[in-house]
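Counting starts at 1 for both ligands and their atoms, in listed order.
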Amino acid sequence: MTLQELEQGQAASLAEIAAAQDAATIEQLRVKYVGRNGSIPALIKGMKDVPKEERPAFGKAVQAWKAAVEEALAGKSAAPAAGASSTLDATLPGRWFEPGVEHPLSRVIEETARIFGHLGFTVADGPDIENRFNNFTALNTPPHHPSQDRRDTFWLETPAFKGEKGTPEDLLLRTQTSPVQIRTMMANKPPVRVICPGRTYRRDTTDATHSANFHQIEGLYCDTKPVSLADLKSVLAYFAKEMMGDSVTVRFRPHFFPFTEPSVEVDFSCHVCKGKGCNVCKQSGWIEVAGAGMVDPRVFKFVGWDPETVSGYAFGFGVERIAMIKYGIPDIRWLYENDVRFLNQLA
Ligand code: PHE
């Protein structure tokens, strides 16, 4: 084949490719020209019979042809001309991609981590399956306390599970995120400053405001410098404003928890009526959101810290509760049904 014939062959092949109407024809042309037994590979194989002095120019021309054919084929399959290819029907409706939205519970957790992150808190984690020591004993909750009852707590039927040190221990689904406090204190030295979001479990009958499986976020700050109830109030006030809006204030009411002394219940002023009284706050102007208090010295003893030199506060609130008041969700069950019509409204 002369160089001129090569040029003609190239032009003819490109014209054929340009005229191809469907994917099958394009594939046939690919096989014909650049397939394993195609005409261009045959030319390359036949190079040895070309006179030596013509070989470089010949080789160059064949390679150029091959490149031109490949480019033309690639252009064809990437962007078939309108109406030219049977693989594309431009009249069909497009495929709809349903974009997901972040779940309200995830949003509250992330937002909380961000807000407390500004105050130097990091996020700590613990397992859903806990032992009696972390969930109750070290939190100063004695065996006769009603929360340890089988009717309140999901105990696991594992009579002689071997604990980390080889001793049998009682296992349960944690009833609160407070055991992560114990884990954090046992694994660290003061100061510690953590929040611990996670799932919690109680034998509650499901209704509009209760679920047997819900979420809490625990907070813990302990230091060898004196820590006071006023410090607790100031961080919760900051949190309230960041989470619910600038107008929201906090109030403490005396309460009891086995692991804090003194203990308080924490209310946010109603972000909807600004404290005047409405349906959301049941006309009281306040919404109960958290339990909190100063860490009981007995808890420090249980984790091996010296109550004489360490002080701290802890708080815990329900993630569902915050999500429900923040987004105006009247029924806790809506948070678990994964109905996209509901979730999309909160996007
Ligand atoms: N763990 C408590 C509860 O579930 C809340 C709490 C946490 C109270 C930390 C005080 C301190 O009710």
ask   = What residues, two or more places apart in sequence or in another chain, satisfy side-chain hydrogen bond (donor to acceptor under 3.5 Å, both in side chains) together with Trp65?
value = Ser13
ask   = Taking it one step at a time, do Tyr313 and Asp231 satisfy side-chain contact (heavy atoms from CB on, under 4.5 Å)?
value = CA-CA 8 Å; Tyr313 60 69; Asp231 298 327; 3.9 Å; yes
message = Looking at Asp149 and Arg151, is there a salt bridge between them, counting it only when a charged N and a carboxylate O are closer than 4.0 Å?
response = yes
query = Tell me, which pairs form a ring pair (Phe, Tyr, Trp, His ring centres under 6.0 Å) where one or both residues lie in residues 106-132, sequence neighbours left out?
reply = Phe116-Phe121, Phe116-Phe239, Phe116-Phe315
inquiry  = Between Phe317 and Leu220, is there shared hydrophobic-cluster membership here, with clusters defined by ILVMFWY side-chain heavy atoms closer than 4.5 Å?
reply    = no
Please tabulate, one pair per line, all N/O donor-acceptor pairs under 3.5 Å involving side-chain atoms of residues 339-347, not counting sequence neighbours.
unit_1	atom_1	unit_2	atom_2	d
Asp339	OD1	Arg341	N	2.9
Asp339	OD1	Arg341	NE	3.1
Asp339	OD2	Arg341	NE	3.4
Asp339	OD2	Arg341	NH2	2.7
Asn344	ND2	Val340	O	3.2
Gln345	NE2	Arg341	O	3.4

request  = Mind jotting down which protein residues get a heavy-atom contact under 4.0 Å with ligand 1? Chain and number order, please.
outcome  = Gln176, Ser178, Gln181, Arg202, Gln216, Glu218, Phe257, Phe259, Thr260, Gly291, Ala292, Ala314, Phe315, Gly316
